[in-house]
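In what follows, a single structure is set out as structure tokens and then discussed.
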Protein chains: 2
Amino acid sequence: MTLKTEKYPALYQASLELFADFGYRKTTVEDVAVKLDMTKGNLYFYVKNKKQLYEQTITHALTQWKDHVKKAVDKKSDPVEKFRVMAVSALAYIEKNAPLRQVIIKDPQIFTLSPREDRFAETNQAAMVILKDILKQGVAQKKFYPMDVDQVTAYLFSVYMMFLIKTYVNADQASSKKLFAIALELNLRGLLNHTTDRLTPIV
Amino acid sequence: MTLKTEKYPALYQASLELFADFGYRKTTVEDVAVKLDMTKGNLYFYVKNKKQLYEQTITHALTQWKDHVKKAVDKKSDPVEKFRVMAVSALAYIEKNAPLRQVIIKDPQIFTLSPREDRFAETNQAAMVILKDILKQGVAQKKFYPMDVDQVTAYLFSVYMMFLIKTYVNADQASSKKLFAIALELNLRGLLNHTTDRLTPIV
DNA sequence: AAATTGAATAATTTAACTTTTTGTTCAAAT
DNA sequence: ATTTGAACAAAAAGTTAAATTATTCAATTT
């Protein structure tokens, strides 16, 4: 007799694997139920409907991803190192997580450049906090140039999304990896506090 | 009696306007022919088929865009100024070109982050040359840091594409404009030759 | 010859309808 | 508290005919 709350990890795993293999449309509620050794009727005791099952599953996977990056970042103290670790560990994580990668290929809209239509906006906001805190710390320690932290966070997160799209949605694996290193260098160069001069007039 | 070659400017204009208003599917070959005061049979004297009519029309519009930016850039001599003018004039041009903007909204795939499936790759390659030449000049004059110009060009062009998608495909107009200024500053800061130290190890 | 027409034909799209599959609910059972 | 299975609703897939649109081309005009 397992407690309701104890069932969710297995539920999310079964669900993620099926959605990864067949996509949202071709995965039936019964497929998921059978994989969990239950009937589809019973699955509705755990989730409201198919759509929410899907979204909760993805949200769970994205949250685990974010937590993993957070842990890696917290091991460093220097903001420059934190920035680098954030970028590298985020990419390394998904590199190892095949089901999540597959789900993204089947449903490219999971990664969107449009915050307005981001179904996982809440989770992504939480991920952005990691970046934002690094920038804040860097600015406070005068290691990064004085900036509008929220805007720079939004921009860099967009660039990160762009890479995820290029690498995993479009599967330009090899070329994207190289570009990622180039981008990391260029952006870190930009963040570092070489000068206090403003380079572009405020529009 | 107009010469065949003289008809193309009017042809591309009529075609662009119709595709802008109705999109590829809802624009008929007859619509275009009527707008040019000819029959659809005769339109086939000028273009191979509907798909090519569409692609030639977009290519023509994108090429004009590129030429406009090139002209603006050529008026400056300093690579930093060139970089800024390139960014600003590119955005200003499309801001004024309503039909091109509309066509992009109707067919978001015109701007893609995937070079492999870019139907207008050739035209975009030509546009990248402008950026590449600016970077080359900046590096040669030691104003920009020593870099792999091809890779940095590819990265910055991706960022540019990302902005076009965010601003015109996703219509996050207001917020994207601000981010563009932020990005311009951050990237120029990164390009400038403050140090010769490598910030990230080569992967 | 170069450009254009209009009619014939091929290809594609749309609409209406049927059948099948899948999602969701819920009273009854464990 | 959790699970079942049957009933029902909703959505997807398949079928077909009609209508629209793309394309070709022999004949005509400029």
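Chain A is the first sequence line, chain B the second, and so forth, proteins listed ahead of strands; every chain is numbered from 1.
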Query raised in the report: So, K177(A) and E95(A), do they make that salt bridge, N to O below 4.0 Å?
Result: yes

Requested in this report: Could you check whether T27(A) gets within reach of a base, just the sugar-phosphate, or nothing at all, counting any heavy atom under 4.0 Å?
Outcome: sugar-phosphate

Report summary line: Result for 5'-nearest mapping on DNA chain D, choosing between G41(A) and K26(A), is G41(A)

Report task. Rounded off to whole Å, could you give me the NZ-to-C1' distance for the K48(B) and dT24(D) pair? Result -> 13 Å

Report task. Go through dA3(C), dT24(C), dT3(D) for me and flag the one nearest to the F45(B) side chain. Result -> dA3(C)

Query - Length of the line joining Y24(A):OH and dA12(D):C1', which is rounded to integer Å - result: 13 Å

**Report entry** Spacing between K40(B) atom NZ and dG6(C) atom P, to the nearest angstrom
**Finding:** 12 Å

Query raised in the report: Over how many whole Å does the gap from M38(B) atom CE to dT30(D) atom P extend?
Result: 16 Å

Query raised in the report: Across the strands shown, which category fits N42(B) at heavy-atom distances under 4.0 angstrom: base, sugar-phosphate, nothing?
Result: base

**Report entry** Nucleotide nearest R25(A) when distance is taken to its side chain, options dT23(D), dA13(D), dG23(C)
**Finding:** dA13(D)

Report task. Find the distance K51(B):NZ to dA22(D):P and express it as a whole number of Å. Result -> 13 Å

Report summary line: Of dT23(D), dT5(C), dT24(C), the nucleotide closest to the side chain of Y44(B) is dT23(D)

Query raised in the report: Please give, in whole Å, the distance from dT4(C) P to L36(B) CG?
Result: 10 Å

Query - Listed nucleotide nearest any side-chain atom of N49(A), set dG5(D), dT5(C), dT24(C) - result: dT24(C)

Query raised in the report: Can you tell me how far P of dA1(D) sits from CG of L43(A), to the nearest Å?
Result: 19 Å

Report task. May I ask you to decide whether D67(A) forms a salt bridge with K71(A), counting only side-chain N to carboxylate O separations under 4.0 Å? Result -> no

Requested in this report: Measure the distance from CG on D37(B) to P on dT30(D) and round it to the nearest whole Å.
Outcome: 16 Å

Query - Proximal nucleotide (of dT4(C), dT24(D), dT2(D)) relative to the Y46(A) side chain - result: dT2(D)

Query raised in the report: Is it true that D78(A) and K143(A) make a salt bridge, defined as a side-chain N closer than 4.0 Å to a carboxylate O?
Result: yes

Query raised in the report: Would you call K35(B) and E17(B) a salt bridge, using N to O less than 4.0 angstrom?
Result: yes

Query raised in the report: In this structure, which one of F120(A), F22(A), Y24(A) forms a ring-ring contact (aromatic ring centres under 6.0 Å, His included) with Y54(A)?
Result: Y24(A)

Query raised in the report: Where the side chain of K50(B) is concerned, which of dT23(D), dT4(D), dT14(C) is the nearest nucleotide?
Result: dT23(D)

